[in-house]
Undergrad: 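Structure incoming, see below.
Residues take their numbers from the sequence shown, with the count starting at 1. For ligands, and for the atoms within them, numbers begin at 1 and follow the listed sequence.
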Amino acid sequence: MNTKIANLNGLEILDSRGNPTVRVTVELESGAHGTASVPSGASTGMNEAVEQRDGDPNRFSGKGVLRAIEHIETEIAHAVVGRDACAQIEIDSVLVDLDGTPNKARLGANSILGVSMAVACAAAAAAGKPLYAYLAAGRPVRLPVPMMNVLNGGRHADSSLDFQEFMIMPVGAPSFREAMRYAAETFHALRALLAADGHTTAVGDEGGFAPKLANNEAACELIVRAIERAGYHPGEDICIALDPAATSFHDGNYNLERSGQGRKNSKELIELYESWVSKYPIVSIEDGLAEDDWSGFRRMTAELGEGIQIVGDDIYVTNIDFIRRGIDEKCSNAALIKLNQIGTVSETIDAIEFCRSAGWRYIISHRSGETEDSFIADFAVAMDGGQIKTGAPCRGERTAKYNRLLEIEHQLGADAIFDNPLKELPFSSTLCAPHGSQ
Ligand SMILES: C=C(OP(=O)(O)O)C(=O)O
Ligand SMILES: [Mg+2]
């Protein structure tokens, strides 16, 4: 099979926020092709790779995205046409060198990532393999436990919540399909509880509800009630994961005034998390502190890291330089992994290898501005980390990933592996009252 790249095409499409983004198609000389679309974040880290995009989110036809497409069809095409699509590492390093900046600002992380992902998709198609099997290259694969976002705040919603994401993790489910059932039933129970309490059931950017609750803690209480109402046991069947995205409310202090909880320093915010962890079945906290609060992350990991997963997102931006520092300084025990934070498939895999080598967990994640592309579903299975964060079980750009995972589990049949990646944490046996009876 001739896997040489014959042609690249870029297309301006819309993301789930109605903003322009990039879709790339790579055609091989054999006729096989691959297509990938690039997502976009709202609570972005300051050290993320930079996308070429319209600065004004209210303008439909972004000049930035058109520029990204022009780069794809001219400079990038010139550099990669004729190369072997199976040589992912080589192609990614050509893209990085061609850009020449530390953060991919010249060609745009969106142009580069779109090409990088589409190359992988085309090579998988040429090999006649599902994308996850191609990316795994013979290594073990695993269905991930979803970290499903059910309540939205912060930069993702106009709710009363300072914290960006309140998620449920169906850790006790026996399969991915059952995990989706546990989580979707809880999501529906939550909707019913909100409606019964007179709250709006409108949703935020990632499909989680966006109500005006009394404060952030009320969200945890409500989720425990929803888990119970759906017939599950909090802390056994379903746990809670948080992404406060603390950079977004950090202005020197942590400003929780949106929910009426005042201002806190790092130590006080960690104490708040500690008190919640003792009351609610919380197993994971991502970006509990701001991206530049390395000492806060260290303290939080020292105080809570034995019991729960401490995840760095904005602080590491899927970049081995920051992850290395986090490992050296014991700033967390896990990293969030977002392809577009770093900008190529190979560099993302390098970041994952770094996490693995330190014994860290890693969670493959979507962005708040998404497309129907399901690349990350295959990627999560292939990377064998056992966790994915991809929003609520509603809205097509989120269900595209969940439905792809259901399809993969079905295809794998008896070979499908699904287990709780957090099972060695002492949390569920020691901290959570049985059956969620706080
Ligand atoms: C998915 C997230 O949000 P965004 O894409 O807006 O960065 C996140 O912070 O984990
Ligand atoms: Mg985050």
Undergrad: CZ of Arg106: more than 12 outside heavy atoms within 6.0 angstrom?
TA: yes
Undergrad: Does Ser43 reach ligand 1, in the sense of a heavy atom lying below 4.0 Å from it?
TA: yes
Undergrad: Applying salt bridge (charged side-chain N to carboxylate O under 4.0 Å, His left out) to Asp373 and Arg23, what does each step give before you reach the verdict?
TA: CA-CA 9 Å; Asp373 189 295; Arg23 174 178 289 171; over 6 Å; no
Undergrad: I'd like to know if the side chain of Asn420 reaches the main chain of Gly172, judged simply by a donor and an acceptor atom lying under 3.5 Å from each other, with no hydrogens or angles considered.
TA: no
Undergrad: Heavy-atom contacts with Asp243 under 4.0 Å: which atoms of ligand 1 show up? List them by number with element.
TA: 8 (C), 9 (O), 10 (O)
Undergrad: Report, in ascending order of atom number, the atoms of ligand 1 lying under 4.0 Å from any heavy atom of Glu206.
TA: 1 (C), 2 (C), 3 (O)
Undergrad: By the definition side chain to side chain contact (heavy atoms under 4.5 Å, CB included), identify the one residue from Leu289, Val283, Ile282, Asp287 that meets it with Ile285.
TA: Ile282
Undergrad: Is any side-chain heavy atom of Ser175 closer than 4.5 Å to a side-chain heavy atom of Glu409?
TA: yes
Undergrad: Do any N or O atoms from the side chain of Tyr402 and from the backbone of Gly391 form a donor-acceptor pair under 3.5 angstrom?
TA: yes
Undergrad: I want to confirm something. Looking only at heavy atoms, which of Glu48, Arg367, His366, Lys338 is nearest to atom 2 (C) of ligand 1?
TA: Lys338
Undergrad: Given 3.5 Å as the limit, does a donor-acceptor pair link the side chain of Lys104 with the main chain of Ile342, or not?
TA: yes
Undergrad: May I ask you to check if ligand 1 and Ser40 share an N or O to N or O distance below 3.5 Å?
TA: no
Undergrad: Counting from 1, what ligand 1 atoms have a heavy atom of Glu165 closer than 4.0 Å?
TA: 1 (C), 2 (C), 8 (C), 9 (O), 10 (O)
Undergrad: Between His250 and Tyr254, how do the two ring planes meet: parallel, tilted or perpendicular, split at 30° and 60°?
TA: tilted
Undergrad: Out of the candidates Thr348, Asn319, Asp313, only one should pair with Gln341 under the side chain to side chain donor-acceptor pair (under 3.5 Å) rule; please name it.
TA: Asp313
Undergrad: Do the side chain of Gln52 and the main chain of Asn110 share a donor and acceptor less than 3.5 angstrom apart?
TA: no
Undergrad: List nothing but the number: protein N/O/S atoms under 2.8 Å from the Mg ion (ligand 2).
TA: 3
Undergrad: Return a yes/no value for Ala42: is any of its N or O atoms, backbone included, closer than 3.5 angstrom to an N or O of ligand 1?
TA: yes
Undergrad: Does any N or O atom in Glu286 lie less than 3.5 angstrom from one in ligand 1, N or O only?
TA: yes
Undergrad: Quick one: nearest non-hydrogen protein atom to atom 10 (O) of ligand 1, plus distance?
TA: Lys389 NZ, 2.7 Å
Undergrad: Distance-only, no hydrogens or angles: does the Asp378 side chain make a donor-acceptor pair with backbone N or O of Tyr132 under 3.5 Å?
TA: yes
Undergrad: Looking only at protein heavy atoms, which one is nearest to atom 3 (O) of ligand 1, and how far off is it?
TA: His156 CE1, 3.1 Å
Undergrad: Aromatic rings Phe163 and Phe249: how do their planes relate, parallel, tilted or perpendicular, breaks at 30° and 60°?
TA: parallel
Undergrad: How does Leu336 reach ligand 1, if at all, at less than 4.0 Å between non-hydrogen atoms: by side chain, backbone, both, or neither?
TA: side chain
Undergrad: Is there any salt bridge (Lys or Arg N to Asp or Glu O under 4.0 Å) pair reaching into residues 200-211, and which pairs are they, with sequence neighbours excluded?
TA: Arg17-Asp205
Undergrad: With heavy atoms of Asp313 as the reference, note each atom of ligand 1 found under 4.0 Å away.
TA: 8 (C), 9 (O), 10 (O)
Undergrad: Taking distance alone, with N or O pairs closer than 3.5 Å, would you say Ser368 contacts ligand 1?
TA: yes
Undergrad: Which residue holds the protein heavy atom closest to atom 9 (O) of ligand 1, what is that atom called, and what is the gap in Å?
TA: Gln164 NE2, 2.9 Å
